[in-house]
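Reading through the structure tokens given below for one structure.
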Amino acid sequence: QVQLVESGGGSVQPGGSLRLSCAASKRAFTMGWFRQAPGKEREFVAAINWSGGKTYYADSVKGRITISRDNAKNTIYLEMNSLKPEDTAVYYCAAQSENRIVVVSATSYDYWGQGTQVTVSS
């Protein structure tokens with residue numbers, strides 16, 4: 001079992017920045033971030049592999065969001081810049097229990113955090 005705890009959410013104006021963190025109870029395989037806005041399905045945001053050498057991004061966030069991991073701390077980060085109102089959602093951290101090819105589907109992740117709210121509004 002891997003416990004995941006997110007932090008760093010909050011409210012920011014359009015164009016602003018936020019940094020989310022997700023601390024895992026132990027090292028996990030691929031880890032990722034998903035988000036869910038009210039009335040919408042949970043969607044993939046970004047993922048990073050075991051070593052941190054491979055990253056994956058949704059088209060909607062490419063160029064604005066960076067995922068990284070610090071394996072010494074069992075923590076991943078999501079650096080979000082140039083935030084838009086449509087980025088408003090609950091952001092969830094997720095982890096895989098084994099090395100899998102699919103990283104963009106929520107069903108390929110075994111462990112989930114409780115979520116952290118990100119609100120982008122003027």
* Asked: Is it true that the side chains of Thr119 and Ser121 contain a donor and an acceptor less than 3.5 Å apart?
  ->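 No pair is found: no donor N or O on one side chain lies under 3.5 Å from an acceptor on the other.
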* If you measure only the distance, is there a donor-acceptor pair under 3.5 Å linking the side chains of Ser21 and Glu6? ->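 Their side chains do not contain a donor-acceptor pair, so the 3.5 Å distance test is not met.
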Does [X] reach the side chain of [Y], with side-chain heavy atoms less than 4.5 Å apart?
| X | Y | answer |
| --- | --- | --- |
| Arg42 | Trp112 | yes |
| Arg64 | Lys62 | no |
| Tyr109 | Thr30 | yes |
| Met31 | Arg69 | yes |
| Gln96 | Ser108 | yes |
| Leu20 | Trp33 | yes |

* Asked: So with a 6.0 Å cut-off around CD of Glu41, is the heavy-atom count from everything else above 12?
  ->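 12 or below, so no.
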For [X] and [Y], indicate whether the former's side chain and the latter's backbone hold a donor-acceptor pair under 3.5 Å.
| X | Y | answer |
| --- | --- | --- |
| Asn81 | Gly15 | no |
| Asn49 | Gly52 | yes |
| Thr75 | Ala23 | no |
| Thr116 | Gly9 | yes |

* To do: Give a yes or no on whether Tyr111 and Ile48 share a hydrophobic cluster (residues Ile, Leu, Val, Met, Phe, Trp, Tyr; joining criterion: side-chain heavy atoms under 4.5 Å apart).
  =>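 They do share one cluster, since a chain of ILVMFWY contacts under 4.5 Å joins Tyr111 to Ile48.
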* So if you build clusters from Ile, Leu, Val, Met, Phe, Trp, Tyr with side-chain heavy-atom gaps below 4.5 Å, do Val103 and Leu78 land together? ->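 Result: no, two separate clusters.
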Distance from [X] atom [atom1] to [Y] atom [atom2], nearest 0.5 Å?
| X | Y | atom1 | atom2 | value |
| --- | --- | --- | --- | --- |
| Tyr57 | Ile65 | OH | CD1 | 9.0 Å |
| Glu86 | Lys40 | CD | NZ | 8.5 Å |
| Arg100 | Thr107 | CZ | OG1 | 9.0 Å |

* To do: Please test Gln1 against Asp110 for side-chain contact (heavy atoms from CB on, under 4.5 Å), starting from the C-alpha separation and ending with a verdict.
  => CA-CA 9 Å; Gln1 284 284 335; Asp110 305 285; over 6 Å; no
* To do: Not counting sequence neighbours, which residues clear side-chain contact (heavy atoms from CB on, under 4.5 Å) with Val120? List them please.
  =>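 Only Val12, Pro14, Leu83, Pro85, Asp87, Thr88, Val118 meet the side-chain contact (heavy atoms from CB on, under 4.5 Å) criterion with Val120.
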* Asked: Who are the side-chain contact (heavy atoms from CB on, under 4.5 Å) partners of Ala89, not counting sequence neighbours?
  ->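 If we apply the side-chain contact (heavy atoms from CB on, under 4.5 Å) test to Ala89, skipping adjacent residues, the hits are Arg35, Ala37, Tyr91.
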* Asked: What residue among Phe34, Tyr92, Tyr56 forms ring-ring contact (aromatic ring centres under 6.0 Å, His included) with Phe44?
  ->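 Answer after filtering Phe34, Tyr92, Tyr56: Phe34.
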* Can you name the nearest heavy-atom pair linking Cys93 to Ile76, along with the distance? ->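 Shortest heavy-atom contact: SG-CD1, 3.9 Å.
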* To do: Quick one: closest heavy-atom pair of Ser17 and Ser82, and the distance?
  =>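 The pair with the smallest heavy-atom distance is OG-N, 4.5 Å.
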* Kindly indicate, with the supporting measurements, whether the criterion side-chain contact (heavy atoms from CB on, under 4.5 Å) is fulfilled by Trp50 and Asn71. => CA-CA 9 Å; Trp50 167 271; Asn71 286 331; 5.7 Å; no
* Asked: Just checking, Arg19 and Tyr77: is the charged tip under 6.0 Å from the six-membered ring centre and within 45° of the axis?
  ->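 That pair qualifies as a cation-pi contact.
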